[in-house]
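This report refers to the structure that appears directly beneath it.
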Amino acid sequence: MRVENSVPEDLIVDIFAKLPVKSLIRFMCLSKLCYQAISDPQFFRLHLHHSNQSNKQFVLQTSERPLTLQSLSFCHHQLLREPVTLDPSILLLSDWRWEMVGSCNGVLCLTTSSQSIDYLGILNPSIKKSKLVPFPNLEDSFCLSDGLYRSADGTYISTEIGFGFDSRTSDFKIVIIFREIYAERWRQVQVYSLRKNSWKVLSNVPNYLYNRYDSYEPQVVVNGAFYWFVNCVFSDCFSILMFDFTDETFKEIKLPDCFDEDLGYFDSLGEVKGKLSLLHFDINSSTDVSLELWMMEDSGWVRQFVVNVSQLYEPTCLAMNDEVMLLLTHPNDEVGHILSRDLKTLELTDHGVEEETSRAFTYTPSLALLGEEN
(Lines give C-alpha, C1' and ligand atoms only; values in the text may rest on other atoms or scores of the structure.)
Protein backbone atom coordinates (compact mmCIF):
# COMPACT_ATOMS: atom_id res chain seq x y z
CA MET A 1 0.00 0.00 0.00
CA ARG A 2 1.63 3.27 -1.17
CA VAL A 3 0.51 6.47 0.53
CA GLU A 4 0.82 9.81 -1.29
CA ASN A 5 1.53 11.86 1.83
CA SER A 6 4.33 11.31 4.33
CA VAL A 7 2.32 9.22 6.80
CA PRO A 8 4.03 5.82 7.17
CA GLU A 9 2.04 2.92 5.82
CA ASP A 10 2.28 0.86 9.01
CA LEU A 11 0.86 3.80 10.99
CA ILE A 12 -2.12 4.06 8.63
CA VAL A 13 -2.79 0.33 8.97
CA ASP A 14 -2.47 0.53 12.76
CA ILE A 15 -5.02 3.38 12.89
CA PHE A 16 -7.40 1.51 10.60
CA ALA A 17 -7.14 -1.61 12.77
CA LYS A 18 -8.61 0.27 15.75
CA LEU A 19 -11.61 1.67 13.88
CA PRO A 20 -15.16 0.25 13.99
CA VAL A 21 -16.24 -2.02 11.15
CA LYS A 22 -18.82 0.51 9.90
CA SER A 23 -16.12 3.17 9.46
CA LEU A 24 -13.85 0.74 7.61
CA ILE A 25 -16.62 -0.18 5.16
CA ARG A 26 -17.05 3.53 4.34
CA PHE A 27 -13.30 4.05 3.98
CA MET A 28 -13.11 1.25 1.42
CA CYS A 29 -14.87 3.61 -1.00
CA LEU A 30 -12.27 6.36 -0.62
CA SER A 31 -9.59 4.89 -2.89
CA LYS A 32 -8.26 1.72 -4.42
CA LEU A 33 -5.41 1.73 -1.91
CA CYS A 34 -7.81 1.85 1.05
CA TYR A 35 -9.90 -0.93 -0.46
CA GLN A 36 -6.88 -3.18 -0.94
CA ALA A 37 -5.56 -2.51 2.55
CA ILE A 38 -8.85 -3.17 4.36
CA SER A 39 -9.74 -6.25 2.30
CA ASP A 40 -6.32 -7.84 2.90
CA PRO A 41 -6.67 -11.10 4.92
CA GLN A 42 -3.77 -10.05 7.16
CA PHE A 43 -5.64 -6.86 8.02
CA PHE A 44 -8.69 -8.94 8.96
CA ARG A 45 -6.60 -10.80 11.56
CA LEU A 46 -5.05 -7.55 12.88
CA HIS A 47 -8.43 -5.83 13.19
CA LEU A 48 -9.95 -8.90 14.86
CA HIS A 49 -7.14 -8.90 17.45
CA HIS A 50 -7.90 -5.28 18.40
CA SER A 51 -11.65 -5.90 18.37
CA ASN A 52 -11.26 -8.89 20.71
CA GLN A 53 -9.42 -6.68 23.18
CA SER A 54 -11.83 -3.76 23.23
CA ASN A 55 -15.10 -4.42 21.44
CA LYS A 56 -16.62 -7.69 22.64
CA GLN A 57 -20.39 -7.72 22.91
CA PHE A 58 -23.37 -9.87 23.76
CA VAL A 59 -25.60 -10.72 20.82
CA LEU A 60 -29.10 -11.65 21.92
CA GLN A 61 -31.71 -13.50 19.93
CA THR A 62 -35.05 -12.00 20.95
CA SER A 63 -37.23 -13.72 18.32
CA GLU A 64 -37.02 -16.84 16.15
CA ARG A 65 -39.68 -15.84 13.61
CA PRO A 66 -38.91 -13.31 12.29
CA LEU A 67 -35.23 -13.55 13.20
CA THR A 68 -34.48 -10.61 15.51
CA LEU A 69 -31.09 -9.89 17.08
CA GLN A 70 -29.83 -7.20 19.43
CA SER A 71 -26.31 -6.37 20.58
CA LEU A 72 -25.31 -5.25 24.07
CA SER A 73 -21.93 -3.62 24.64
CA PHE A 74 -20.27 -1.61 27.38
CA CYS A 75 -18.36 1.65 27.03
CA HIS A 76 -16.95 3.28 30.19
CA HIS A 77 -19.31 1.07 32.23
CA GLN A 78 -22.33 2.33 30.26
CA LEU A 79 -24.62 -0.20 28.62
CA LEU A 80 -25.20 0.39 24.89
CA ARG A 81 -28.13 -1.29 23.09
CA GLU A 82 -28.30 -1.56 19.33
CA PRO A 83 -30.56 -3.60 17.03
CA VAL A 84 -28.62 -5.85 14.66
CA THR A 85 -29.35 -5.08 11.00
CA LEU A 86 -29.55 -8.28 9.00
CA ASP A 87 -28.61 -9.05 5.42
CA PRO A 88 -31.64 -8.73 3.09
CA SER A 89 -31.22 -12.29 1.79
CA ILE A 90 -31.80 -13.59 5.33
CA LEU A 91 -34.80 -11.30 5.77
CA LEU A 92 -36.41 -12.87 2.70
CA LEU A 93 -36.61 -16.06 4.74
CA SER A 94 -38.12 -14.33 7.76
CA ASP A 95 -41.06 -16.74 7.83
CA TRP A 96 -38.64 -19.53 8.81
CA ARG A 97 -37.87 -20.25 12.44
CA TRP A 98 -34.20 -19.45 13.05
CA GLU A 99 -32.08 -20.44 16.03
CA MET A 100 -28.51 -19.39 16.81
CA VAL A 101 -25.97 -22.23 16.97
CA GLY A 102 -22.76 -20.37 17.75
CA SER A 103 -20.59 -17.29 17.29
CA CYS A 104 -16.94 -17.09 16.21
CA ASN A 105 -14.72 -14.21 14.99
CA GLY A 106 -17.65 -11.92 14.21
CA VAL A 107 -19.69 -14.56 12.37
CA LEU A 108 -22.91 -16.15 13.61
CA CYS A 109 -24.07 -19.64 12.69
CA LEU A 110 -27.82 -20.27 12.67
CA THR A 111 -30.01 -23.22 11.82
CA THR A 112 -33.53 -23.41 10.41
CA SER A 113 -35.89 -25.77 8.62
CA SER A 114 -38.67 -25.34 6.08
CA GLN A 115 -40.68 -28.00 4.26
CA SER A 116 -38.44 -30.80 5.60
CA ILE A 117 -35.29 -29.10 4.26
CA ASP A 118 -32.80 -28.00 6.88
CA TYR A 119 -30.42 -25.11 6.31
CA LEU A 120 -27.56 -23.50 8.16
CA GLY A 121 -26.98 -19.78 7.91
CA ILE A 122 -23.54 -18.16 8.18
CA LEU A 123 -23.97 -14.46 8.94
CA ASN A 124 -21.77 -11.43 9.66
CA PRO A 125 -24.18 -8.73 10.89
CA SER A 126 -21.46 -6.05 10.93
CA ILE A 127 -21.06 -6.05 7.15
CA LYS A 128 -24.49 -7.52 6.32
CA LYS A 129 -23.10 -10.59 4.58
CA SER A 130 -24.66 -14.05 4.82
CA LYS A 131 -24.68 -17.46 3.17
CA LEU A 132 -27.17 -20.32 3.22
CA VAL A 133 -25.69 -23.81 3.60
CA PRO A 134 -27.95 -26.87 3.03
CA PHE A 135 -27.60 -29.69 5.56
CA PRO A 136 -25.39 -32.52 4.26
CA ASN A 137 -26.77 -35.71 2.82
CA LEU A 138 -26.63 -38.81 5.01
CA GLU A 139 -26.48 -42.09 3.13
CA ASP A 140 -29.70 -44.16 3.20
CA SER A 141 -31.42 -41.50 5.31
CA PHE A 142 -33.71 -38.54 4.79
CA CYS A 143 -34.18 -35.36 6.79
CA LEU A 144 -37.41 -34.95 8.77
CA SER A 145 -36.99 -31.51 10.33
CA ASP A 146 -34.87 -29.58 12.82
CA GLY A 147 -31.79 -31.72 12.21
CA LEU A 148 -33.60 -35.02 12.76
CA TYR A 149 -33.02 -37.80 10.22
CA ARG A 150 -34.54 -41.22 9.66
CA SER A 151 -32.63 -44.04 8.01
CA ALA A 152 -34.04 -46.65 5.64
CA ASP A 153 -34.13 -49.21 8.46
CA GLY A 154 -36.22 -46.88 10.63
CA THR A 155 -33.40 -45.63 12.88
CA TYR A 156 -33.81 -42.07 14.11
CA ILE A 157 -30.67 -39.95 13.94
CA SER A 158 -30.09 -36.65 15.72
CA THR A 159 -27.49 -34.00 14.88
CA GLU A 160 -25.07 -32.06 17.04
CA ILE A 161 -23.70 -28.90 15.41
CA GLY A 162 -20.50 -26.98 16.13
CA PHE A 163 -19.18 -23.84 14.44
CA GLY A 164 -15.64 -22.49 14.49
CA PHE A 165 -12.56 -21.21 12.68
CA ASP A 166 -9.51 -22.96 11.26
CA SER A 167 -6.66 -20.48 11.89
CA ARG A 168 -4.22 -22.44 9.73
CA THR A 169 -6.28 -22.00 6.56
CA SER A 170 -8.36 -18.96 7.66
CA ASP A 171 -11.50 -20.95 7.03
CA PHE A 172 -14.83 -21.06 8.85
CA LYS A 173 -16.05 -24.61 9.41
CA ILE A 174 -19.15 -26.42 10.64
CA VAL A 175 -19.02 -29.87 12.19
CA ILE A 176 -22.12 -32.10 12.41
CA ILE A 177 -22.18 -35.31 14.42
CA PHE A 178 -24.90 -37.75 13.39
CA ARG A 179 -25.88 -39.88 16.36
CA GLU A 180 -28.30 -42.80 16.48
CA ILE A 181 -30.74 -41.85 19.19
CA TYR A 182 -31.63 -45.24 20.66
CA ALA A 183 -28.43 -47.12 19.83
CA GLU A 184 -26.47 -44.31 21.55
CA ARG A 185 -23.61 -44.37 19.05
CA TRP A 186 -22.23 -42.08 16.40
CA ARG A 187 -23.10 -42.95 12.82
CA GLN A 188 -21.06 -40.32 10.98
CA VAL A 189 -19.22 -36.98 11.34
CA GLN A 190 -19.19 -34.41 8.52
CA VAL A 191 -17.33 -31.10 8.25
CA TYR A 192 -18.28 -28.13 6.06
CA SER A 193 -15.59 -25.78 4.73
CA LEU A 194 -16.67 -22.26 3.75
CA ARG A 195 -13.62 -21.80 1.51
CA LYS A 196 -14.39 -24.99 -0.41
CA ASN A 197 -18.16 -24.62 -0.03
CA SER A 198 -18.53 -28.36 0.44
CA TRP A 199 -19.09 -31.08 3.03
CA LYS A 200 -16.78 -34.03 3.66
CA VAL A 201 -17.08 -37.16 5.75
CA LEU A 202 -14.38 -37.60 8.39
CA SER A 203 -12.65 -40.95 8.35
CA ASN A 204 -11.12 -42.77 11.33
CA VAL A 205 -13.42 -41.05 13.79
CA PRO A 206 -13.32 -42.70 17.25
CA ASN A 207 -16.55 -44.48 18.10
CA TYR A 208 -17.32 -42.29 21.08
CA LEU A 209 -20.16 -43.66 23.14
CA TYR A 210 -21.10 -40.20 24.35
CA ASN A 211 -24.42 -38.44 24.46
CA ARG A 212 -24.61 -34.69 24.30
CA TYR A 213 -25.60 -33.51 27.76
CA ASP A 214 -28.84 -31.59 27.38
CA SER A 215 -27.95 -28.46 29.30
CA TYR A 216 -28.92 -24.85 28.73
CA GLU A 217 -25.85 -23.72 26.77
CA PRO A 218 -23.41 -26.60 26.46
CA GLN A 219 -20.98 -25.41 23.76
CA VAL A 220 -18.39 -22.76 23.03
CA VAL A 221 -15.50 -22.10 20.63
CA VAL A 222 -12.10 -21.19 22.11
CA ASN A 223 -8.93 -20.75 20.02
CA GLY A 224 -10.16 -22.76 17.07
CA ALA A 225 -11.69 -25.62 19.06
CA PHE A 226 -15.31 -26.47 19.78
CA TYR A 227 -16.22 -27.68 23.29
CA TRP A 228 -19.45 -29.17 24.61
CA PHE A 229 -20.71 -31.20 27.56
CA VAL A 230 -21.19 -34.95 27.13
CA ASN A 231 -21.88 -37.93 29.34
CA CYS A 232 -20.44 -41.39 28.80
CA VAL A 233 -22.98 -44.13 28.11
CA PHE A 234 -21.17 -46.84 30.09
CA SER A 235 -19.92 -44.99 33.15
CA ASP A 236 -22.63 -42.28 33.21
CA CYS A 237 -19.95 -39.73 34.05
CA PHE A 238 -19.80 -36.22 32.65
CA SER A 239 -16.93 -34.57 30.79
CA ILE A 240 -16.17 -32.08 28.01
CA LEU A 241 -15.53 -33.15 24.44
CA MET A 242 -13.36 -30.99 22.17
CA PHE A 243 -13.26 -30.84 18.39
CA ASP A 244 -10.21 -29.09 16.90
CA PHE A 245 -11.24 -27.34 13.66
CA THR A 246 -7.65 -27.17 12.43
CA ASP A 247 -6.67 -30.81 12.88
CA GLU A 248 -10.29 -32.06 12.71
CA THR A 249 -9.72 -34.36 15.69
CA PHE A 250 -11.56 -35.06 18.97
CA LYS A 251 -10.27 -35.02 22.55
CA GLU A 252 -11.90 -35.56 25.95
CA ILE A 253 -11.35 -33.10 28.82
CA LYS A 254 -12.15 -33.95 32.43
CA LEU A 255 -14.21 -31.68 34.67
CA PRO A 256 -12.70 -30.26 37.89
CA ASP A 257 -12.04 -33.02 40.43
CA CYS A 258 -14.23 -31.43 43.09
CA PHE A 259 -17.38 -31.55 40.95
CA ASP A 260 -20.18 -33.84 42.00
CA GLU A 261 -21.16 -36.67 39.70
CA ASP A 262 -24.16 -34.70 38.40
CA LEU A 263 -23.61 -31.76 36.07
CA GLY A 264 -26.22 -29.04 36.49
CA TYR A 265 -28.62 -28.19 33.66
CA PHE A 266 -27.66 -24.52 33.87
CA ASP A 267 -23.88 -25.07 33.93
CA SER A 268 -22.30 -23.60 30.81
CA LEU A 269 -18.99 -23.25 28.99
CA GLY A 270 -17.41 -19.97 27.92
CA GLU A 271 -14.22 -18.17 27.00
CA VAL A 272 -12.32 -15.83 29.32
CA LYS A 273 -9.07 -14.16 28.22
CA GLY A 274 -8.56 -16.74 25.46
CA LYS A 275 -9.06 -19.71 27.79
CA LEU A 276 -11.83 -22.25 28.26
CA SER A 277 -14.07 -21.32 31.18
CA LEU A 278 -16.85 -23.08 33.04
CA LEU A 279 -19.78 -21.52 34.90
CA HIS A 280 -20.98 -23.94 37.57
CA PHE A 281 -23.88 -23.60 40.02
CA ASP A 282 -23.19 -24.96 43.49
CA ILE A 283 -26.52 -25.67 45.17
CA ASN A 284 -26.42 -26.13 48.94
CA SER A 285 -30.15 -25.56 49.48
CA SER A 286 -33.13 -23.99 47.73
CA THR A 287 -32.09 -20.59 49.10
CA ASP A 288 -28.31 -21.00 49.06
CA VAL A 289 -27.08 -20.92 45.45
CA SER A 290 -23.66 -19.75 44.26
CA LEU A 291 -22.23 -19.34 40.76
CA GLU A 292 -18.58 -20.33 40.29
CA LEU A 293 -16.30 -19.31 37.43
CA TRP A 294 -13.56 -21.82 36.58
CA MET A 295 -10.78 -21.31 34.01
CA MET A 296 -8.60 -23.94 32.33
CA GLU A 297 -4.97 -23.01 33.04
CA ASP A 298 -1.82 -24.91 32.02
CA SER A 299 -1.89 -26.64 35.40
CA GLY A 300 -5.57 -27.60 35.11
CA TRP A 301 -8.88 -26.13 36.30
CA VAL A 302 -8.61 -23.09 38.62
CA ARG A 303 -11.59 -21.46 40.34
CA GLN A 304 -11.53 -17.68 39.80
CA PHE A 305 -14.42 -16.42 41.89
CA VAL A 306 -17.81 -17.23 43.45
CA VAL A 307 -20.96 -15.09 43.20
CA ASN A 308 -23.95 -15.66 45.48
CA VAL A 309 -27.22 -15.56 43.54
CA SER A 310 -30.85 -15.88 44.59
CA GLN A 311 -31.76 -18.69 42.17
CA LEU A 312 -30.68 -20.68 39.12
CA TYR A 313 -30.19 -18.78 35.87
CA GLU A 314 -29.12 -19.55 32.31
CA PRO A 315 -25.66 -17.92 32.35
CA THR A 316 -23.61 -16.47 29.48
CA CYS A 317 -20.10 -15.16 30.13
CA LEU A 318 -18.31 -12.32 28.31
CA ALA A 319 -14.79 -11.18 29.25
CA MET A 320 -13.09 -7.89 28.35
CA ASN A 321 -9.63 -7.13 29.72
CA ASP A 322 -9.91 -7.87 33.45
CA GLU A 323 -13.70 -7.62 33.69
CA VAL A 324 -16.14 -10.50 33.30
CA MET A 325 -19.72 -9.71 32.28
CA LEU A 326 -22.39 -12.21 33.31
CA LEU A 327 -25.72 -12.33 31.52
CA LEU A 328 -28.06 -14.31 33.78
CA THR A 329 -31.30 -15.22 32.03
CA HIS A 330 -34.35 -16.31 34.00
CA PRO A 331 -35.49 -19.63 32.47
CA ASN A 332 -39.21 -18.92 32.84
CA ASP A 333 -39.66 -15.42 31.41
CA GLU A 334 -36.41 -15.33 29.33
CA VAL A 335 -35.34 -11.99 30.83
CA GLY A 336 -31.60 -11.46 31.22
CA HIS A 337 -29.97 -9.73 34.18
CA ILE A 338 -26.44 -8.30 33.85
CA LEU A 339 -23.66 -8.41 36.45
CA SER A 340 -19.93 -7.76 36.10
CA ARG A 341 -16.95 -8.92 38.16
CA ASP A 342 -13.47 -7.38 38.14
CA LEU A 343 -10.94 -10.22 38.10
CA LYS A 344 -8.30 -8.08 39.86
CA THR A 345 -10.31 -6.38 42.61
CA LEU A 346 -13.14 -8.99 42.62
CA GLU A 347 -15.57 -6.06 42.83
CA LEU A 348 -19.11 -7.10 41.80
CA THR A 349 -21.32 -4.60 39.96
CA ASP A 350 -25.04 -5.03 39.39
CA HIS A 351 -25.92 -3.04 36.27
CA GLY A 352 -29.60 -3.09 37.14
CA VAL A 353 -30.84 -3.78 33.61
CA GLU A 354 -33.00 -6.51 32.20
CA GLU A 355 -33.07 -7.68 28.57
CA GLU A 356 -35.47 -10.10 26.92
CA THR A 357 -33.63 -12.94 25.18
CA SER A 358 -34.11 -16.54 24.11
CA ARG A 359 -30.42 -17.23 23.34
CA ALA A 360 -27.22 -15.29 23.96
CA PHE A 361 -23.64 -15.53 22.67
CA THR A 362 -20.53 -13.43 22.85
CA TYR A 363 -19.78 -11.53 19.64
CA THR A 364 -16.86 -9.55 18.24
CA PRO A 365 -17.52 -7.23 15.23
CA SER A 366 -15.16 -8.14 12.39
CA LEU A 367 -14.57 -8.00 8.63
CA ALA A 368 -15.06 -11.77 8.18
CA LEU A 369 -16.84 -12.81 4.96
CA LEU A 370 -15.89 -9.49 3.33
CA GLY A 371 -14.81 -11.21 0.12
CA GLU A 372 -17.65 -13.75 0.12
CA GLU A 373 -20.59 -13.57 -2.24
CA ASN A 374 -24.07 -13.83 -0.71
Side-chain angles (χ1 to χ4, degrees), residues 48 56-65 67-71 84 86-87 89-91 93-94 96-114 117-136 143 146-147 158-167 169-178 189-200 212 216-228 242-246 248 268-271 316 318 357-370 372 374:
L48 180 65
K56 281 192 173 181
Q57 306 172 7
F58 288 116
V59 59
L60 314 180
Q61 180 174 351
T62 57
S63 173
E64 295 180 345
R65 183 189 294 149
L67 175 63
T68 307
L69 304 178
Q70 177 175 270
S71 68
V84 176
L86 299 177
D87 169 49
S89 64
I90 287 289
L91 293 178
L93 308 176
S94 59
W96 293 6
R97 181 179 60 83
W98 290 93
E99 182 177 301
M100 282 202 299
V101 172
S103 170
C104 180
N105 289 356
V107 178
L108 306 178
C109 182
L110 306 100
T111 182
T112 188
S113 64
S114 177
I117 301 175
D118 282 19
Y119 286 92
L120 292 156
I122 299 176
L123 166 69
N124 183 342
S126 298
I127 62 173
K128 301 181 180 63
K129 279 290 187 74
S130 62
K131 182 180 180 64
L132 279 179
V133 180
F135 260 61
C143 181
D146 296 330
S158 66
T159 54
E160 300 170 14
I161 305 172
F163 174 66
F165 187 72
D166 180 350
S167 59
T169 59
S170 297
D171 188 13
F172 287 93
K173 293 181 178 180
I174 302 170
V175 59
I176 295 186
I177 301 170
F178 296 92
V189 178
Q190 294 197 35
V191 175
Y192 172 81
S193 163
L194 179 61
R195 296 187 87 185
K196 298 178 180 178
N197 190 28
S198 63
W199 292 91
K200 74 173 183 180
R212 170 183 170 179
Y216 150 68
E217 195 54 68
Q219 61 187 51
V220 70
V221 174
V222 181
N223 295 328
F226 166 59
Y227 299 83
W228 73 106
M242 180 196 79
F243 178 76
D244 190 312
F245 282 100
T246 299
E248 297 181 350
S268 69
L269 298 170
E271 179 266 334
T316 306
L318 181 154
T357 176
S358 60
R359 291 180 71 81
F361 287 87
T362 59
Y363 173 73
T364 303
S366 79
L367 295 166
L369 309 186
L370 188 61
E372 293 290 329
N374 285 0

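- V107 and A368 get closest at one heavy-atom pair: CG2-CB, 3.5 Å.
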Check against side-chain contact (heavy atoms from CB on, under 4.5 Å), I122 and I174: CA-CA 10 Å; I122 299 176; I174 302 170; 4.0 Å; yes
From CA spacing to verdict: side-chain contact (heavy atoms from CB on, under 4.5 Å), N124, L370: CA-CA 9 Å; N124 183 342; L370 188 61; over 6 Å; no
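- The backbone N or O of F135 lies less than 3.5 Å from no partner atom in the side chain of W199, so there is not a single donor-acceptor pair.
- Rounding to the nearest 0.5 Å gives a distance of 11.0 Å between NZ of K173 and CG of L194.
- For S193, the side-chain hydrogen bond (donor to acceptor under 3.5 Å, both in side chains) partners are D171, not counting sequence neighbours.
- Rounding to the nearest 0.5 angstrom, the gap separating the CG atom in L123 from the OG atom in S103 is 10.0 Å.
- Between the CD1 atom in I161 and the CH2 atom in W228 there is a gap of 12.0 Å [rounded to 0.5 Å].
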Audit row: E248, V191, side-chain contact (heavy atoms from CB on, under 4.5 Å) steps and yes/no: CA-CA 8 Å; E248 297 181 350; V191 175; 3.8 Å; yes
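- Ring-plane geometry between F243 and F245 is classed as perpendicular, the angle between the planes exceeding 60 degrees on a 0 to 90 degree scale with a lower cut at 30.
- Shortest non-hydrogen contact noted between C109 and L120 is SG-CD2, 4.3 Å.
- Smallest separation of non-hydrogen atoms from V221 and C104: CG1-SG, 4.0 Å.
- Residues N197 and Y192 are in side-chain contact: their nearest non-hydrogen atoms beyond the backbone lie under 4.5 Å apart.
- Residues R195 and D166 are not in side-chain contact: their nearest non-hydrogen atoms beyond the backbone lie 4.5 Å or more apart.
- The aromatic rings of F172 and F163 sit parallel to each other, their planes meeting at less than 30°, with 60° as the upper class boundary.
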Residue pair L48, F165: steps toward the side-chain contact (heavy atoms from CB on, under 4.5 Å) verdict: CA-CA 13 Å; L48 180 65; F165 187 72; over 6 Å; no
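- Of all non-hydrogen atoms in S167 and T246, the two that sit nearest each other are N-OG1, 3.8 Å.
- Atoms OG1 and CD, from T159 and Q190 in turn, are 11.0 Å apart once rounded to the nearest 0.5 Å.
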